[in-house]
Amino acid sequence: MSAATDKARFFLEKSVPELKEYERKKIFSKEEITSIIKKRSDFEHKLNARGAKPSDFVRYAEYEMNLDTLRRKRVKRLGIRSAGYSGQRRIFFILDRATRKFHGDVGLWVQYIEYAREQKSYKKLSTIFTDALRLHPTNAELWAYAAQYSLEDHADMTQSRSYMQRGLRFCKNSRKLWVQYAKLEMIYIAKLVARRRILGLDELEAPAPAQEDAMDADADMISLPKLTGEDINPNADDESGNDQVALQNLNSTPALSGAIPLAIFDTAMKNFHNDDKFGHEFYDMVCAFGDVPCLQKILGHVLEVMQASKPTSPHTLICYIKHPTAGVAVTSAEFPRALGTSLVRMKEHRDDPNVAKEIVGWLQPLEKAEDLDPALQKAIAATVRNVERVVQAQGATDHHVASKGVRG
């Protein structure tokens, strides 16, 4: 116990200059500093004693975060220009100790990352991600989080792709990671399209078909279509004229043609042996990006692959039924005809209970869509009721057969 006490005293003594500074500048009173010392002493003794838990580190870090928030408010109110010590370094130190002691606790790593992200400590974040992924290489969520961070906070698609490619080496069988990789690519395409529209470049000719490299299913990395630096970083030149030229060139590159999400899909389908459930998940993910010009190209390819491998699967049939309305706004003139085509396809397969349930889940949000034509609303509501009756009738039949089998 003396060793734990000595450690606690050592860490407490390191904070003495900080507390003296707070007292000298009247940020905290003597009574408040005494209270801070007592709180820190209690936490340090818990952390350095046997049986310390991750929650002890979390509570200590939360206390220091609240204390630092109060300190910043008082510094601002008192008009102190040089506040001296900052609580950020202390909080990092606590979270670093936590992740070293409980390196298997992913929740601690995530909290450490979130705090560093909030503080915009990008160099620290790079180190944290490296350590976390080195210790948890088979955690698909961490790889996806790192890739998402690179894209959202730094708009660095190259680094984001690198995280995803490395993650798939260790998590090759993670469906979620494959779908998330394609989703990041779709987000990137959507951002490029939005930027081109802002610059008035959205009326250019349709993208030319991009040639793809051959893919090896056994390779460590996915062979993606080649991109130039100009493709992935249209901001490389400060001159607006060159910037517009770069964005125009994107029109005929894989960045906008959908070749990269297609390459990811084809490689994933080979890895999962043409699993129709994965195809359905991929299809639904892509459907969310209705404004992307290459939407129909990607969805058409996904549906074609699913129909070639498992044409009678409920997952394939659901995608086939929903396909005519994909990317069509409910307020557009094309929507009624597209919906009519989907409903005709639905009638051919609604006897399948699995298909019927999915159809109900798809139609109900459409029925509640804003600005939807009242006539279409009535038609969708009637269709939902009819399909629900089919599902209920099928359920009653299955129950009757099951009970009859038990009696037999």
Side-chain angles (χ1 to χ4, degrees), residues 106 109-134 136-137 139-171 174-199 210 221-236 243 246-247 249-250 253-265 267-268 281-282 284-295 298:
V106 177
W109 284 106
V110 171
Q111 182 162 356
Y112 196 3
I113 292 167
E114 285 290 343
Y115 178 72
R117 197 173 176 183
E118 182 184 331
Q119 299 299 311
K120 301 187 187 308
S121 301
Y122 298 126
K123 288 185 179 179
K124 188 72 174 177
L125 265 170
S126 178
T127 303
I128 299 169
F129 271 122
T130 300
D131 292 342
L133 293 170
R134 178 174 53 82
H136 300 277
N139 191 303
E141 286 78 11
L142 268 181
W143 287 107
Y145 187 21
Q148 185 180 4
Y149 155 74
S150 294
L151 182 60
E152 290 182 355
D153 287 27
H154 300 288
D156 189 347
M157 194 61 200
T158 303
Q159 181 64 30
S160 182
R161 286 190 184 114
S162 176
Y163 277 128
M164 282 297 187
Q165 293 268 352
R166 286 157 54 201
L168 287 171
R169 290 182 184 179
F170 297 100
C171 312
S174 171
R175 300 169 185 271
K176 186 176 181 181
L177 192 59
W178 284 99
V179 173
Q180 187 65 25
Y181 186 7
K183 185 176 181 180
L184 285 176
E185 292 291 350
M186 294 300 295
I187 291 171
Y188 180 60
I189 293 172
K191 287 183 176 181
L192 289 176
V193 170
R195 184 142 191 245
R196 291 176 70 252
R197 285 174 180 166
I198 291 171
L199 294 175
M221 304 290 281
I222 305 172
S223 298
L224 297 178
K226 293 187 181 301
L227 295 173
T228 65
E230 206 172 47
D231 296 336
I232 60 177
N233 185 15
N235 286 319
D243 187 49
L247 286 169
N249 291 338
L250 280 170
T253 63
L256 280 181
S257 68
I260 296 177
L262 287 175
I264 296 168
F265 173 75
T267 308
E281 292 174 1
F282 194 97
D284 285 344
M285 180 277 295
V286 175
C287 273
F289 297 87
D291 290 337
V292 173
C294 58
L295 178 74
I298 298 172

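When a residue number appears, it is its place in the shown sequence, counting from 1.
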Any donor-acceptor pair under 3.5 Å linking the side chain of S121 with the backbone of K124?
no

Residues which pass salt bridge (charged side-chain N to carboxylate O under 4.0 Å, His left out) with E152, listed by chain and number, not counting sequence neighbours
R117

Should the pair H136 and W109 be assigned to parallel (<30°), tilted (30 to 60°) or perpendicular (>60°) ring geometry?
perpendicular

Do Q148 and Y163 have side-chain N/O donor and acceptor atoms under 3.5 Å apart?
no

Side chain of T130, backbone of S126: donor and acceptor closer than 3.5 Å?
yes

D291 meets the salt bridge (charged side-chain N to carboxylate O under 4.0 Å, His left out) criterion, sequence neighbours left out, with none

Ring pair (Phe, Tyr, Trp, His ring centres under 6.0 Å) partners of Y149, counting only residues at least two apart:
F129, H154

Decide yes or no for M164 and Q180: does some side-chain heavy atom of the first lie under 4.5 Å from some side-chain heavy atom of the second?
yes

Give a yes or no on whether the backbone of A146 and the side-chain of S150 come within a donor-acceptor separation of less than 3.5 Å.
yes

Under the 3.5 angstrom rule, does the side chain of T267 hit a backbone N or O of A263 as a donor-acceptor pair?
yes

Within the 4.5 Å heavy-atom criterion, are L256 and R196 side-chain neighbours or not?
yes

Verify, without hydrogens or angle tests, whether W143 (side chain) and R166 (backbone) share a donor-acceptor contact under 3.5 angstrom.
no

Using the ring of Y188 (Phe, Tyr or Trp, six-membered ring only), decide whether R161 places NZ or CZ under 6.0 Å from its centre and within 45 degrees of its axis.
yes

Specify the closest pair of heavy atoms between C294 and S257, including all atoms of both residues, with the distance to one decimal.
CB-O, 3.6 Å

